[in-house]
Structures are given as structure tokens and as C-alpha cells.
**Student:** 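Please find one structure pasted underneath; my questions will follow.
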Amino acid sequence: MDIKDKVVVVTGGGNGIGKALCERFAAEGAAHIAVVDLEQEAAASVAEAVGGSAHQVNVRDESQIAAMVAEVENAQGRIDLCCSYAGIIASDAPQWWATSASNDTWAAMWDIHVMSHVWAARACLPGMIERGSGYFVNTASAAGLLNQIGDAAYSTTKHAAIGFAEALAITHGGDGIGVSCLCPQAVATRMIGTV
């Protein structure tokens, strides 16, 4: 996708790969970048650097995602590219059983890694379908392709994220909407404790 003059939303845009995406989109000439993050200060810092707007959103809350999409569409007229990048990580320690993670951890991973993609698409699709164009970049993980030993909840929800990206592409390709699913391996970011 040619990013020049496009309106872009990036969830998880305050840090790590999300921040790098925002910086790259700015370098490619995006018309506007909406930097979305749970951490307002991080979103504001990146938005200032790329000349975009900052939006504090908890992606576990569909209503917050919908309100952010409406705000960006009202201000910019459209959303051309929606990047769902927000993510968290845990582990199966200390037992190292596939069932070790608490129900709260499973629910958080499900909401952030899967449902936030569903909710972002649900909010963006009407405008994209009406225009006959749009693009989603949903970030999963290499753990969604192969599995990550020692983190069953993370790997399972990343598999589901890939499944949803495929469903989105199959269902809406005829509407002029493209979908990519990023599956990075370990990257030196704050999330894995290397920055």
C-alpha cells in the first residue's frame, strides 16, 4: 500500500514496533497518523514526533475503540489504514503447564490479541466498504504460526489473530479491502524486557 497522503491509525503506537510503524508511516508521507495507546504520555510523545494525534484507548473496551475511530473519521474524513498492534505477554511459570495462566490472563490476552482486532474492524469497515477501499494490518506473532513454548495463552490467542485476519481478508477482499498479518519473532522492545 502506498502510504503517501493516507490516514493511518496505529494501536499500541506509543512504544516498540507500533512506535516504529508510526515513524515509518510519517517518513512515507502519511497525511495523518492517529497514535493510539493505553499510555497517554507515550501516545502524545510519538504523535508530536510524527505530527499526528494522540488517543488514549484501552483496546479491551470496544466502546473506546469505536469512539476513537469516530473521532479520527470526523477529524480526517476517513481511515485508510488501521494497524492493530497492541499486545501483552505473560508465561506459564512457575508450573510451566499449558493451563498455568490465570483466567484473568487468558481474558486479557483474548481481548487484546483477538477482540481488539475484531472491534477495530467493526468500527472501520462501514467507511471502508462505502469508499470501496481500505487496509488492515493486524499484528500477531511468529508464535501464532509455530507456537511459543511456555506461554500457552499468548500462542493460542496469536493463532486466533491470524485466523481472524484470514477471515477478514476472505470476506472483504471483494469490497476493495486488503489485509496483512504481521508475524514477527522476538524483537528488542520493552515488552520482552530488552529496552
Side-chain angles (χ1 to χ4, degrees), residues 9-24 34-47 49 54-69 82-123 136-169 179-195:
V9 168
V10 181
T11 70
N15 293 286
I17 295 173
K19 177 183 177 183
L21 288 171
C22 292
E23 293 168 344
R24 182 57 185 262
V35 183
V36 180
D37 205 282
L38 182 60
E39 299 175 5
Q40 175 63 31
E41 289 184 13
S45 176
V46 175
H55 305 266
Q56 184 178 22
V57 172
N58 181 350
V59 298
R60 294 190 71 186
D61 184 339
E62 181 177 11
S63 67
Q64 290 187 35
I65 293 174
M68 176 274 299
V69 166
C82 180
C83 299
S84 292
Y85 175 71
I88 59 171
I89 197 163
S91 77
D92 293 332
Q95 286 179 300
W96 300 109
W97 293 3
T99 58
S100 293
S102 69
N103 288 347
D104 287 344
T105 297
W106 276 92
M109 295 238 179
W110 186 258
D111 285 349
I112 295 168
H113 297 160
V114 183
M115 295 311 298
S116 71
H117 297 194
V118 174
W119 296 327
R122 185 177 286 159
F136 293 95
V137 175
N138 292 350
T139 299
S141 169
L145 297 170
L146 302 170
N147 218 303
Q148 177 170 292
I149 297 170
D151 195 343
Y154 183 84
S155 295
T156 300
T157 55
K158 292 300 188 175
H159 275 71
I162 293 170
F164 177 68
E166 290 176 341
L168 193 59
V179 181
S180 292
C181 189
L182 303 181
C183 296
Q185 289 187 300
V187 176
T189 63
R190 187 181 71 173
M191 189 169 92
I192 63 169
T194 59
V195 172

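No hydrogens, no waters, no symmetry mates; every other heavy atom, side chains included, goes into these values.
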**Student:** Could you measure the distance from the SG atom of C83 to the CG atom of L21? Nearest 0.5 Å is fine.
**Tutor:** 5.5 Å

**Student:** Any chance you could lay out the side chain to side chain contact (heavy atoms under 4.5 Å, CB included) test for K19 and D37, step after step, and finish with the verdict?
**Tutor:** CA-CA 10 Å; K19 177 183 177 183; D37 205 282; over 6 Å; no

**Student:** Quick one: does H117's side chain have a donor or acceptor within less than 3.5 Å of a partner on N138's backbone?
**Tutor:** no

**Student:** For the pair S155 (side chain) and D151 (backbone), establish whether a donor and an acceptor sit closer than 3.5 Å, ignoring hydrogens and angles.
**Tutor:** yes

**Student:** I need the minimum non-hydrogen distance between Q40 and A54, along with the two atoms involved.
**Tutor:** NE2-CB, 4.0 Å

**Student:** Kindly indicate whether the side chain of I17, heavy atoms from C-beta on, has any atom under 4.5 Å from the side chain of T139.
**Tutor:** no

**Student:** Give a yes or no answer on whether the side chain of Q64 reaches the backbone of N58 with a donor-acceptor pair at less than 3.5 Å.
**Tutor:** yes

**Student:** Once you round to the nearest 0.5 Å, how far does SG of C181 lie from CZ of F164?
**Tutor:** 10.5 Å

**Student:** Using the rule given for side chain to side chain contact (heavy atoms under 4.5 Å, CB included), can you reason through E62 versus R122, listing the C-alpha separation, both sets of side-chain angles and the distance that settles it, and then say yes or no?
**Tutor:** CA-CA 9 Å; E62 181 177 11; R122 185 177 286 159; 2.9 Å; yes

**Student:** Given 3.5 Å as the limit, does a donor-acceptor pair link the side chain of T157 with the main chain of A153, or not?
**Tutor:** yes

**Student:** Taking atom types as modelled and ignoring hydrogens, do the side chains of D104 and S102 form a donor-acceptor contact shorter than 3.5 angstrom?
**Tutor:** no

**Student:** I need the single residue from V69, V10, T11 that forms a side-chain contact (heavy atoms from CB on, under 4.5 Å) with V36. Which is it?
**Tutor:** T11

**Student:** What do you reckon, is CH2 of W106 surrounded by more than 12 foreign heavy atoms closer than 6.0 Å?
**Tutor:** yes

**Student:** Provide the closest heavy-atom pair for G14 versus V46 in the form atom of the first, atom of the second, distance.
**Tutor:** O-CG2, 3.7 Å

**Student:** Evaluate the side-chain proximity of S141 to Y154: yes if any heavy-atom separation is below 4.5 Å, no if none is.
**Tutor:** yes

**Student:** Considering non-hydrogen atoms only, spot the tightest contact between A120 and S84 and give its length.
**Tutor:** CB-OG, 3.8 Å

**Student:** Please give me the minimum heavy-atom distance between I112 and R60, naming the atom from each residue.
**Tutor:** CG1-CG, 3.5 Å

**Student:** If you count every heavy atom of other residues, nucleotides or ligands that lies below 6.0 Å from I149 atom CD1, does the total exceed 12?
**Tutor:** no

**Student:** Please name all residues satisfying salt bridge (Lys or Arg N to Asp or Glu O under 4.0 Å) with D92, sequence neighbours left out, ordered by chain then number.
**Tutor:** none

**Student:** So, do T156 and H113 sit near enough that their side-chain heavy atoms are less than 4.5 Å apart?
**Tutor:** no

**Student:** Taking the side chain as every heavy atom from C-beta outward, state whether D111 and W119 have any atom pair closer than 4.5 Å.
**Tutor:** yes

**Student:** Tell me, do H55 and V35 make a side-chain contact under 4.5 Å, heavy atoms counted?
**Tutor:** no

**Student:** Are E39 and N15 packed together at the side-chain level, in the sense that at least one heavy-atom pair is separated by less than 4.5 angstrom?
**Tutor:** yes

**Student:** Which heavy atom of M68 sits nearest to which heavy atom of V57, and what is that distance?
**Tutor:** CB-CG2, 3.8 Å

**Student:** Hey, is CD on E41 packed in by over 12 heavy atoms from elsewhere, all under 6.0 Å?
**Tutor:** no

**Student:** Kindly indicate whether the side chain of K158, heavy atoms from C-beta on, has any atom under 4.5 Å from the side chain of I162.
**Tutor:** no

